[in-house]
Amino acid sequence: MPELPEVEAVRRSLIELVAGQRITDVTVGWPKIIKSPEQYEQFQDALKGQTIHDVDRKGKFLIFLLDDYCLVSHLRMEGNYSLHKQEDPVDKHTHVVFHFSDGMELRYRDVRKFGTMHLFAKGSEWTVPPLSKLGPEPFSDEFTLEYFKGKLSNTERVIKAVLLDQSIVTGLGNIYVDEVLFRSGIHPERKSRTLTDQEILILREQAASTLKESINAGGSSVNTYMNSHGQSGTYQNELKVYGRKDQECYRCGAAVQKIKVAGRGTHFCPNCQKIANY
DNA sequence: CTCTGGTCCTGTACGC
DNA sequence: TGCGTACAGGACCAGA
């Protein structure tokens, strides 16, 4: 559920909590979260003695930079980090704990257990999945009109499926794709190759502006999502179609519809986002 | 190539 | 009131 703006909110709050912290030990309560190294014991061993220097992000991935390693963390549906004292009671959904030399600990909590962590030797993280497969972020210089046009015209898929594909553009998830398509006046089931140059231009602008606005609002707090300080964002109040099934479209008053597209619940306004004629 | 459906998970919503 | 069941979803994988 956390998408780019929410992960950015987490990154900003997290860096204040962990920058400079030295890891003395790591507890792993659910080994499946650790995707690499294959043996989670190696994950634990490698991290002992490492200091966290910075927390970066690409798309929906958090990237912890350590002395010799790089920890790549994906929160998936509802993973979250928080700092605790050792003596604080441990929630039953806490699956990974990073113990620090000052006695505090960073806890990774994830009710669904869908989140992932990859540990790589520093510098190699961009050469292997998952980071190597990511396309540019919507507001990056690499996300040029030529690039976007090329990707959209090169496939028979519907636009929603293309926007969810992290290898084409990274950071959008189910919520923001619906919002961006609404703001662009484009039906989620339009074949991406039928989009006009003008529509592609608008889509690119709206993808960037929607995410930027949400970042500035601290992200959206749908389903009680919060950053690592326990603060919620406010962008959920700005959502125009997501979660508004059967409610009036803010723009035209028609009832917002919910259908399934690319296997996902999809909200759109049938009046503002017409598919006819294509 | 692309779509569908299963997988991983568990809390929540819903029907009876 | 309480129980069973369907559902949600990011990324990935197998099969059509």
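Proteins get letters first, then strands, A, B, ... in listed order; numbering begins at 1 in each.
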Worksheet item: Would you say the side-chain atoms of A/S209 and A/E205 include a donor-acceptor pair closer than 3.5 Å?
Response: no

Discussion item. So that I can tick it off, tell me whether A/K122 and A/D68 are bridged by a salt bridge, with the cut-off set at under 4.0 angstrom between side-chain N and carboxylate O.
Written reply: no

Item to complete: Identify whether any heavy atom of A/K35 sits under 4.0 Å from a base atom; if not, whether one sits that close to sugar-phosphate; answer base, sugar-phosphate or nothing.
Response: nothing

Worksheet item: Checking side chain to side chain contact (heavy atoms under 4.5 Å, CB included) against A/I34, which of A/V26, A/L119, A/V28, A/T116 comes through?
Response: A/V28

Check: protein-nucleotides 8-10 of chain C nitrogen or oxygen pairs below 3.5 Å:
{"residue": "C/dG9", "atom": "OP1", "partner": "A/N174", "partner atom": "ND2", "Å": "3.3"}
{"residue": "C/dG9", "atom": "OP2", "partner": "A/G265", "partner atom": "N", "Å": "3.3"}
{"residue": "C/dG9", "atom": "N2", "partner": "A/R112", "partner atom": "NE", "Å": "2.8"}
{"residue": "C/dG10", "atom": "N7", "partner": "A/R264", "partner atom": "NH1", "Å": "3.3"}
{"residue": "C/dG10", "atom": "N2", "partner": "A/R76", "partner atom": "NH1", "Å": "2.8"}
{"residue": "C/dG10", "atom": "N3", "partner": "A/R76", "partner atom": "NH1", "Å": "3.1"}

Discussion item. Using the rule side chain to side chain contact (heavy atoms under 4.5 Å, CB included), only one of A/L62, A/L14, A/I215 pairs with A/V7; which is it?
Written reply: A/L62

Worksheet item: Quick one: CZ on A/F61 to CG on A/L4, what's the gap to the nearest 0.5 Å?
Response: 12.0 Å

Worksheet, complete the sentence: At a 4.0 Å cut-off to heavy atoms of chain A, the contacted part of DNA chain B spans B/dT2 to B/dG11

Practice prompt. With sequence neighbours excluded, give me every ring-ring contact (aromatic ring centres under 6.0 Å, His included) pair touching residues 31-55 of chain A.
Written response: none

Worksheet item: Is the charged tip of A/R251 near the ring of A/F182: under 6.0 Å from the six-membered ring centre and within 45° of its axis?
Response: no

Item to complete: Not counting sequence neighbours, which residues clear salt bridge (charged side-chain N to carboxylate O under 4.0 Å, His left out) with A/E137? List them please.
Response: A/R57

Worksheet item: Base, sugar-phosphate, or nothing: which does A/T155 touch, judged by heavy atoms less than 4.0 Å apart?
Response: sugar-phosphate

Dump every N/O contact between nucleotides 13-16 of chain C and the protein below 3.5 Å, one line per pair.
none

Worksheet item: Hey, what else clusters with A/F114 if you join Ile, Leu, Val, Met, Phe, Trp, Tyr whenever side-chain heavy atoms sit under 4.5 Å?
Response: A/M77

Item to complete: Taking atom CD of A/Q247 as the centre, report whether more than 12 heavy atoms of other residues, nucleotides or ligands fall under 6.0 Å from it.
Response: yes

